[in-house]
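Below: one structure, written as structure tokens.
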Number of protein chains: 2
Amino acid sequence: MKLSTKSDYGVRALIELALSGDGAPVQRAEIASRQHIPESYLDHLLAQLRRDGFVRSVRGPGGGHLLTREPEEMCLLHVIESLEGSVAPVACLEEGGECARAPGECVQCWVWEDIYEETRRRLGDISLADLAERARDQRRGAAANYSI
Amino acid sequence: MKLSTKSDYGVRALIELALSGDGAPVQRAEIASRQHIPESYLDHLLAQLRRDGFVRSVRGPGGGHLLTREPEEMCLLHVIESLEGSVAPVACLEEGGECARAPGECVQCWVWEDIYEETRRRLGDISLADLAERARDQRRGAAANYSI
DNA sequence: ACAATGTTGAGCGCGAAACTCGACAATTCC
DNA sequence: GGAATTGTCGAGTTTCGCGCTCAACATTGT
């Protein structure tokens with residue numbers, strides 16, 4: 001019942017891109033070091049995010065990654081579904097997924113349906129901008145604590 | 001993000017006990033065959049459910065398993081938490097579980113907190129009796145279909 | 001040309017989930 | 001009391017996916 005690290009890492013990576021507001025690409029190595037993500041693993045996550053249109057990349061020296069849209073226009077649900085596949089707690093609810101049981105024998109389907117929809121609705125209401133803002137605040141807070 | 005089969009199997013087993021309303025114990029083999037659960041695996045699930053007070057067992061010929069309380073008084077949340085451990089989508093939210101990240105760096109915590117609570121609330125509102133009734137209806141429906 | 005980047009796919013290790021097995025304990029029935 | 005029937009328990013085994021690495025390659029700026 002746990003989310004994989006992919007979503008966690010991926011969201012962090014996108015937050016990092018959102019925080020670096022100027023148009024300059026952010027390098028894979030920088031994202032990895034700031035968010036404590038194994039660099040070689042981050043590769044695959046960025047590749048997936050690129051395939052699904054959340055980021056684009058610039059090759060060569062000075063290259064890196066950029067968000068394709070404004071952070072306000074990207075919601076957490078889509079990011080997580082890109083990396084996680086689906087947030088459905090049971091396979092029956094997945095698109096194209098079939099119940100392993102006969103129609104009359106599946107308890108899971110109706111029990112989890114509402115919870116699934118509620119989850120998607122809530123994740124859909126959170127934007128990358130929300131997360132970035134929160135991260136900014138937290139960092140300011142942490143800095144303030146150190147300066148006391 | 002998927003529930004394990006333990007919860008699924010366990011809930012099905014309890015439904016089977018709830019459906020067999022008379023005071024007679026239901027044998028492991030019968031539960032297993034009716035719900036298509038590997039018999040030797042069911043052992044462990046029943047053991048766990050016994051440890052947590054959902055069922056009690058009767059040994060010897062004519063023995064089997066019984067619910068310890070009325071199905072109306074058992075909610076799905078407790079059953080699932082007994083078998084699954086926790087339905088928290090991220091480790092930060094678990095009792096005694098710690099954030100892997102520094103306090104200022106965890107995105108997961110606040111994102112999933114509400115969803116987690118909502119999930120628990122909903123699962124807490126479903127009783128074994130609800131599931132058993134549903135199962136009865138489904139079986140009647142299936143039987144009716146065949147008889148046409 | 002060369003160096004700095006991103007791209008891709010193959011593959012490894014480990015831990016957990018799913019399941020099996022065998023020896024044992026309790027109970028009932030004859 | 002003995003045999004048959006059931007549950008109990010713990011130690012395997014197998015399978016699988018996550019998390020991660022690495023190496024060869026493609027692209028682009030200087």
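Within every chain, numbering begins at 1; the chains are lettered A, B, ... in the order of the sequence lines, protein sequences first and strands thereafter.
Checking the phosphate oxygens (OP1, OP2) of C:dC19, no side-chain nitrogen or oxygen of B:Ser40 falls inside 4.0 Å. The shortest distance between the side-chain N/O atoms of A:His65 and the OP1/OP2 oxygens of C:dT7 is below 4.0 Å. Side-chain nitrogen and oxygen atoms of B:Arg50 include at least one within less than 4.0 Å of the OP1 or OP2 phosphate oxygen of D:dC9. In this structure, A:Ser57 reaches the C:dT7 phosphate: one of its side-chain N or O atoms is under 4.0 Å from OP1 or OP2. Within the 4.0 Å cut-off from OP1 or OP2 of D:dC18, not a single side-chain nitrogen or oxygen of A:Tyr41 is found.
Protein atom CD of A:Gln27 is 13 Å distant from nucleotide atom C1' of D:dG29, rounded to whole Å. Rounded to an integer number of Å, the gap from CE of A:Met1 to C1' of D:dC18 is 18 Å. The nearest whole Å value for the distance from the CD atom in B:Gln48 to the P atom in D:dC9 is 11 Å. Atom CZ in A:Arg59 sits about 17 Å away from atom P in D:dT30, given to the nearest Å. Note: CZ (B:Arg28) to P (C:dT20) measures 11 Å, nearest angstrom. Distance, A:Leu42 CG to C:dT7 P: 11 Å, rounded to whole Å. Atom NZ of A:Lys2 is separated from atom P of C:dA16 by 13 Å (rounded to the nearest Å). With rounding to whole Å, A:Leu45 atom CG is found 14 Å from C:dG6 atom C1'.
Sequence order on DNA chain D of the closest nucleotides to B:Gly60 and A:Glu39 puts B:Gly60 first from the 5' end. Residue B:Val58 is the one, among B:Val58 and A:Asp43, whose nearest nucleotide of DNA chain D lies closer to the 5' end (criterion: closest heavy atom). Residue order along DNA chain C, read from the 5' end via each residue's closest nucleotide, puts A:Ala47 first among B:Gly62 and A:Ala47.
Hydrophobic cluster membership differs between B:Leu66 and B:Ile37, with clusters built from Ile, Leu, Val, Met, Phe, Trp and Tyr side chains linked at under 4.5 angstrom. Hydrophobic clustering keeps A:Leu42 apart from A:Val58 (ILVMFWY residues linked when any side-chain heavy atoms are closer than 4.5 Å, directly or through intermediates).
With hydrogens and angles ignored, a donor-acceptor pair under 3.5 angstrom links the side chain of A:His44 to the base of D:dT21.
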*asked:* As a quick check of understanding, evaluate side-chain contact (heavy atoms from CB on, under 4.5 Å) for A:Phe54 and A:Gln48, giving each step before the final call.
replied: CA-CA 9 Å; A:Phe54 296 100; A:Gln48 181 63 42; over 6 Å; no
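Within 6.0 Å of CZ on A:Arg69 lie more than 12 heavy atoms contributed by other residues, nucleotides or ligands.
Under the 3.5 Å distance criterion, the side-chain polar atoms of B:Arg120 are left unmatched by any main-chain donor or acceptor of B:Ala88.
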